[in-house]
Amino acid sequence: MSLTRTFLPMLGHTRGNRDAATCHFKCGNACAKDVCNTSENGYFRDIADSALGRRAVLGLGAVASAALVIGTEAFGTPAAHADTIVAPKGGGKLNFKAIAPVPRTRDAMTVPEGYDWAPVIRWGDPLFNNAPAFDITKQSAKRQAGQFGYNNDYLNIIVDKYSGRSGVLVANHEYTNEDLMFDPAWYEANKSEAAKIAMAAHGFSVVEVKRVKAGTPWSYIRGGERNRRITATTAFAIDGPVAGSELLKTVADPTGRKVLGTLNNCAGGTTPWGTVLSGEENFNQYFRGTGTANDARYGISDEATERGWEDVDPRFSAHNPGYENEINRFGWIVEIDPQNPNSTPVKHTAMGRFKHEGANVAVAKDGRVVAYSGDDERFDYVYKFVSKDKYRRGDRRHNMTLLSEGDLYVAKFSGNSPAAQIDGSGAVPADGSFDGSGTWIPLVQDGVSKVQGMSLDEVLVYTRLAGDKVGATKMDRPEDVEPSPVTGKLYIALTNNTQRDTSGKATVDEANPRTKNRDGHVIELTERNNNATGTEFIWNILLVAGDPSKDESTYFSGFPKNKVSPIACPDNLAFDSNGNLWISTDGQPGTIGYCDALHKVTLTGRERGKVEQFLAVPAGAETCGPLIHDRDGSVFVSVQHPGEGGTFKDPTSFFPDYVMNPSKAKRGEVYGPRPSVVQVFTTAKGHGPKDKDKDNNGNGHGNNKGNGHGNNKGNNQK
């Protein structure tokens with residue numbers, strides 16, 4: 001890979017200010033390549049008309065799109081049953097006036113009036129007492145392995161329930177951008193060490209945090225007893241039905257039960273027993289394959305990779321004898337125990353292998369746990385895992401085995417409207433909403449493959465092909481799939497799909513109603529009879545995203561379009577204690593021309609569908625891992641890839657240190673951007689530090705040197 005960035009396949013193909021570098025480093029230019037799903041499984045439009053009578057059969061009638069409220073005693077949630085997490089309670093308050101959308105070139109963290117912000121931890125901050133302070137000019141793999149990793153995505157702060165003033169922050173690290181991490185001359189002379197640094201910057205960081213009292217900002221503890229780094233070379237155990245399979249054995253691991261590292265970890269979830277799950281997403285870009293059909297279905301090509309890790313470690317090329325199966329050892333849901341730094345993290349094969357955005361767990365009425373996942377690829381699927389055994393309150397050892405065995409399903413959606421009414425324009429059908437019913441099609445039940453012609457091992461290793469065979473519904477990049485902790489309803493973020501209804505590709509359908517869907521949408525799904533372990537559901541589209549002032553195809557559950565904040569490319573989802581949905585975005589600069597953001601969405605009552613923008617991240621950045629502690633007056637986000645598109649010597653963002661001259665950088669600071677965890681807190685009495693120098697946009701400065709509100713190489717707009 002060359003840091004001169006002479007090969008960016010998406011250059012000129014992104015819209016607005018979405019930089020081609022994001023596509024290059026994050027997902028290996030997926031949109032510039034052929035669609036992975038070329039299966040001929042039933043297109044939705046072909047079956048839509050046959051579904052019209054299904055509504056009456058299921059007894060859904062006129063209430064099919066109505067909200068079904070589920071008490072936590074009927075449909076458990078991670079918080080409601082947690083051994084280590086305090087249950088969410090209503091009454092949290094995050095009163096704010098929605099901010100205006102922020103121009104995509106503004107290099108500032110923008111928050112509402114009455115709020116301030118500060119980083120909790122930044123790329124390179126040392127986690128251990130013997131780890132050195134960050135110096136971007138003196139990086140090594142050893143140094144990075146003791147420091148906070150790069151491009152943090154999923155985020156949680158698990159509060160110690162007895163004190164409330166201590167806890168542990170868990171973040172994963174999705175990918176690296178060598179253009180921003182390394183001086184080009186140094187990189188060209190040290191490519192092997194640069195690759196090892198990048199490997200050490202992947203994975204997870206676990207770090208203890210503290211605060212003075214509830215409602216005050218958190219700070220991280222260097223040298224905390226639970227602090228830990230998990231990287232691309234950390235040993236993981238493989239469990240579940242495929243552990244020991246011939247499909248997982250390599251020359252380095254002839255047992256097929258141990259793998260080194262985790263890659264491209266995107267979203268995640270915290271389980272009822274206090275462990276953290278994360279999905280291995282765009283793992284394909286790290287491996288050179290051999291050109292098989294199975295590789296192609298996962299986007300793996302027989303070409304040298306851009307990252308070049310196969311030149312450093314033989315396991316990253318299937319051409320190396322004995323490593324043909326290494327690719328099969330990635331693409332899983334991983335589970336880590338943040339309370340025990342000596343524990344071995346696990347990859348769960350029972351949950352299937354695909355490009356997991358993440359996994360989120362709820363406890364069903366019968367005590368079994370249910371985990372939902374989206375496969376983040378154009379025209380791929382939504383999945384559900386149901387454990388064999390039941391959750392036992394307080395029995396952590398038992399509960400940590402629940403994801404090792406169970407049933408796996410994939411979703412098939414049917415619409416309530418005639419196919420002719422779904423014309424690709426986004427126009428709402430005659431019945432007033434995009435809605436319908438659906439089924440969870442079994443792939444594995446009772447430890448047996450339910451897919452004709454595929455063994456159990458094959459279904460779980462090549463889960464995408466299993467979904468193809470059973471005719472799952474091709475979706476518009478299903479990313480985060482989150483159950484509400486208040487109602488149990490499921491929300492699915494569909495980020496976008498610019499190839500929907502184009503030549504040779506799947507046509508529009510009621511669950512994916514727009515041609516060339518650039519801005520994405522969000523689906524609300526209710527399990528039939530509130531039974532999360534069942535196989536039938538109803539669904540409706542909560543919102544069809546975009547800028548309603550410029551796009552007639554937007555839809556907000558009937559809420560007036562002139563009263564919502566523009567929103568595009570929904571990615572990660574979260575909830576506050578009152579059950580409101582919060583949506584972080586990934587791609588707004590390239591679709592509607594604004595910085596990526598975090599939005600609150602009302603789900604019930606007259607204001608259902610109302611979207612209010614809470615914050616915006618700096619130029620080039622993506623909003624990830626939203627965490628809503630509304631009872632503390634706090635919101636947390638991962639600010640990922642700030643300044644993407646710039647270079648080491650010519651940065652386009654200076655977040656969060658805002659050192660405008662490299663000679664002025666103090667110890668631990670950087671001239672250039674640093675992915676970081678940020679806390680936004682109310683400045684009401686008794687909460688954050690006194691707000692100083694707040695500008696008219698409500699941009700908090702905290703203790704962070706002005707935070708980029710002046711002119712910044714032409715990138716700031718006052």
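If you read the sequence from its start, that first residue is 1, and numbering goes on from there. This one's a predicted model, so the numbers in the text were calculated from it and none came from an experiment.
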Treating [X] as the side-chain partner and [Y] as the backbone partner, does any N or O pair qualify as donor plus acceptor under 3.5 Å?
| X | Y | result |
| --- | --- | --- |
| Q421 | A430 | yes |
| H356 | S278 | no |
| N572 | G625 | yes |
| T502 | K505 | no |

Geometric class of the Y555/F434 ring pair [parallel <30°, tilted 30-60°, perpendicular >60°]: perpendicular

Mutual orientation of the aromatic rings belonging to F413 and W539 [parallel < 30°, tilted 30-60°, perpendicular > 60°]: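 F413 and W539: perpendicular rings.
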
Any donor-acceptor N or O pair under 3.5 Å, side chains Y409, Q445: yes

Contact check, side chains of S638 and D153, non-hydrogen atoms, under 4.5 Å: no

Worked check of salt bridge (charged side-chain N to carboxylate O under 4.0 Å, His left out) between E524 and R608: CA-CA 12 Å; E524 179 183 73; R608 173 178 166 83; 3.1 Å; yes

Interatomic spacing from CD in E174 to CD in Q640 - rounded to 0.5 Å: 5.0 Å

Charged N-O contact under 4.0 Å between [X] and [Y]:
| X | Y | value |
| --- | --- | --- |
| D380 | K355 | no |
| R288 | D302 | yes |
| D571 | R477 | no |

With sequence neighbours excluded, residues passing ring pair (Phe, Tyr, Trp, His ring centres under 6.0 Å) with F330: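 With sequence neighbours excluded, F330 shows a ring pair (Phe, Tyr, Trp, His ring centres under 6.0 Å) to F287, given in chain and number order.
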
Check: F575 ring centroid to Y491 ring centroid under 6.0 Å: yes

